[in-house]
Amino acid sequence: MFNIAKAICLLFCLSVLVHAETTLTQRDPRIIGGEVADFGDWPSTAALFVTKKGREEGSYICGGTLIAPRWVITAAHCVKGEKATNLFVWLGTTDLSDNGGGEGIKIKKIISHPQYDEATFDNDLALLELEDISNVKTMPLFIGDAEEGTPAAVVGWGARNINPLTGEGFNPSLQLYELQLPIVSQTQCKLIMEDLQNMGPVTDNMICAGTGLGGEDTCQGDSGGPLMAMQNNEIRLVGLVSWGIGCADQNTYGVYTRLNKFSKWIESSMEAESNNDSGGGTIFWMLFPFFVLLLTYKIRRIG
Ligand code: ARG
């Protein structure tokens, strides 16, 4: 009797374990792979839209990240040939459907990296100066190099399915998806990607992420969006979705703009622009002491 009870118990435990194992391995690897982000997660993630002439609504083109109250960073290839006045960003929501909330802000100026190379996607980054400041949380840049194996996260509204003929993605999502991927060493990425691709090398301005196992990757429409990792107990921006060969294929990785290489350019471009914006004010304050002197001189003479 006791043995039968033991056997039943053992069987039960085993079946629970097997079930847990299969649900874990069957979990739909979803971006390509990953899962829907919770509303309120990834607050700094921006959706970039281009307005179609004569229409109120725009169409979604790329992802981006708010790195300062007035600045979104995205990929240069996303805004190539676009006019600032035709663009806006949507911030503060994971849900791009009509009643998904969030705020839309127009773009005042596009600053693409001057050495952005269309052929190789080298230096694939652009700064978007917003017309108004956003109150959404900003994301700091990752300092130094994110090492091989660092767990990173990517998010995007990009393709969720792959065309089997072209290997390219289609069917973008109104919901933001998130996915975890490890950072890949530069040697490994060069070895794999430079063998496959016909676009140009994996340069030092690029960083790769992925498992190489297939099924999990960023894809068309995720471009410009963030590759992030933890540093000092906060999530920081490591890279920008830039390119890949197809999406989520075995033995390939996603290639991202390595932001660490551009921290100086980013800082100085934002600063130069802010100084420009307050240009009139600067001259006024420079001349202010002279006005005061002149005034006191006049008052003394009158007195
Ligand atoms: N260039 C694509 C875009 O404009 C991003 C492709 C990323 N591909 C990849 N396999 N990780 O959206």
Side-chain angles (χ1 to χ4, degrees), residues 31 44-50 60-68 71-84 87 89 107 109-129 139 141-142 145-146 152-159 168-169 172 181 183-184 186 189-190 192-194 196-210 217-229 236-248 252-270:
I31 255 152
S44 317
T45 304
L48 181 62
F49 286 83
V50 60
Y60 171 87
I61 50 172
C62 271
T65 306
L66 191 77
I67 54 166
W71 294 92
V72 163
I73 194 162
T74 188
H77 81 260
C78 289
V79 290
K80 174 92 192 136
E82 300 288 354
K83 270 171 57 186
L87 296 177
V89 284
I107 305 298
K109 186 165 187 181
I110 303 172
I111 309 177
S112 286
H113 194 280
Q115 270 97 46
Y116 165 60
D117 184 340
E118 235 183 311
T120 60
F121 277 35
D122 200 17
N123 308 304
D124 190 12
L125 74 161
L127 289 165
L128 308 177
E129 187 183 12
M139 186 174 287
L141 300 187
F142 194 93
D145 265 319
V154 288
V155 299
W157 289 277
E168 298 290 302
L181 293 171
I183 300 289
V184 175
Q186 202 71 358
C189 189
K190 273 174 164 299
I192 299 280
M193 298 302 277
E194 290 184 347
L196 287 175
Q197 59 139 336
N198 46 22
M199 289 171 64
V202 174
T203 71
D204 289 349
N205 301 315
M206 302 172 186
I207 183 168
C208 306
D217 196 6
T218 43
C219 200
Q220 272 65 46
D222 290 320
S223 276
L227 169 75
M228 301 163 280
R236 288 171 177 253
L237 192 59
V238 175
L240 309 176
V241 180
S242 183
W243 61 273
I245 297 156
C247 300
T252 74
Y253 302 111
V255 187
Y256 300 77
T257 313
R258 188 185 280 269
L259 287 183
N260 175 32
K261 292 279 176 187
F262 300 100
S263 47
K264 289 228 174 68
W265 180 78
I266 294 170
E267 278 299 318
S268 60
S269 305
M270 294 195 308

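What you see is a predicted model, and the numbers here were worked out from it, not measured in a lab.
A heavy-atom distance below 4.5 Å is not found between the side chains of Leu227 and Leu259. At a threshold of 4.5 Å between non-hydrogen side-chain atoms, the residues Tyr253 and Val202 do not count as touching. Between Asp124 and His113 there is no side-chain heavy-atom pair separated by less than 4.5 Å. At a threshold of 4.5 Å between non-hydrogen side-chain atoms, the residues Gln115 and Asp122 do not count as touching. When side chains are defined from C-beta on, Lys80 does not count as touching Ser112, because their heavy atoms never get closer than 4.5 Å. Considering only heavy atoms from C-beta on, Asn123 comes within 4.5 Å of Phe262 through its side chain. Side chains of Trp71 and Ile266 form no contact here, defined as non-hydrogen atoms less than 4.5 Å apart. The shortest side-chain heavy-atom distance between Ile67 and Leu237 falls under the 4.5 Å cut-off.
Considering every non-hydrogen atom in both Trp243 and Met193, the closest pair reads CZ3-CE, 3.9 Å. The two residues Ser242 and Thr257 come nearest to each other via the heavy atoms CB-OG1, 3.9 Å. Closest heavy-atom contact between Val184 and Cys189: CG1-N, 4.0 Å. Residues Ser44 and Met139 share a closest heavy-atom pair of OG-N, 3.6 Å. Residues Thr65 and Pro226 approach most closely at OG1-CB, 3.4 Å, considering heavy atoms. Between Ile207 and Ala146 the shortest heavy-atom distance is CD1-O, 4.0 Å.
With hydrogens and angles disregarded, a donor-acceptor distance shorter than 3.5 Å links the side chain of Thr74 to the backbone of Gly63. Listed for the Arg236 side chain is no donor-acceptor partner under 3.5 Å among the backbone atoms of Ala229. Side-chain atoms of Gln220 come within 3.5 Å of backbone atoms of Gly169 as a donor-acceptor pair (strictly under, hydrogens ignored). Not one N or O on the side chain of Tyr116 forms a donor-acceptor pair closer than 3.5 Å with the backbone of Ala126. When atom types are taken as modelled, the side chain of Thr203 and the backbone of Asn205 share a donor-acceptor pair closer than 3.5 angstrom. Here the side chain of Glu168 pairs no donor or acceptor atom with the backbone of Cys219 at under 3.5 angstrom.
Of the residues Val50, Ile111, Ile107, Leu87, the one that meets the side chain to side chain contact (heavy atoms under 4.5 Å, CB included) test with Val79 is Leu87.
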Item to check | Evaluation steps, side chain to side chain contact (heavy atoms under 4.5 Å, CB included), between Leu141 and Ile73 | outcome: CA-CA 11 Å; Leu141 300 187; Ile73 194 162; 5.5 Å; no
Next on the checklist: Using side chain to side chain contact (heavy atoms under 4.5 Å, CB included), reason through Trp157 and Asp222 one step at a time and then give a plain yes or no.
Outcome noted: CA-CA 6 Å; Trp157 289 277; Asp222 290 320; 5.6 Å; no
Next on the checklist: His77 vs Ser223, test: side chain to side chain contact (heavy atoms under 4.5 Å, CB included). Steps then yes/no.
Outcome noted: CA-CA 8 Å; His77 81 260; Ser223 276; 2.9 Å; yes
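Of the inter-residue distances, the one linking Leu125 atom CG with Lys261 atom NZ reads 13.5 Å to the nearest 0.5 angstrom. Going from atom CG of Asp204 over to atom CD of Gln186 covers 6.0 Å, rounded to the nearest 0.5 Å. Separation of atoms CG (Leu48) and CD (Glu82) is listed at 8.0 Å; rounding is to 0.5 Å.
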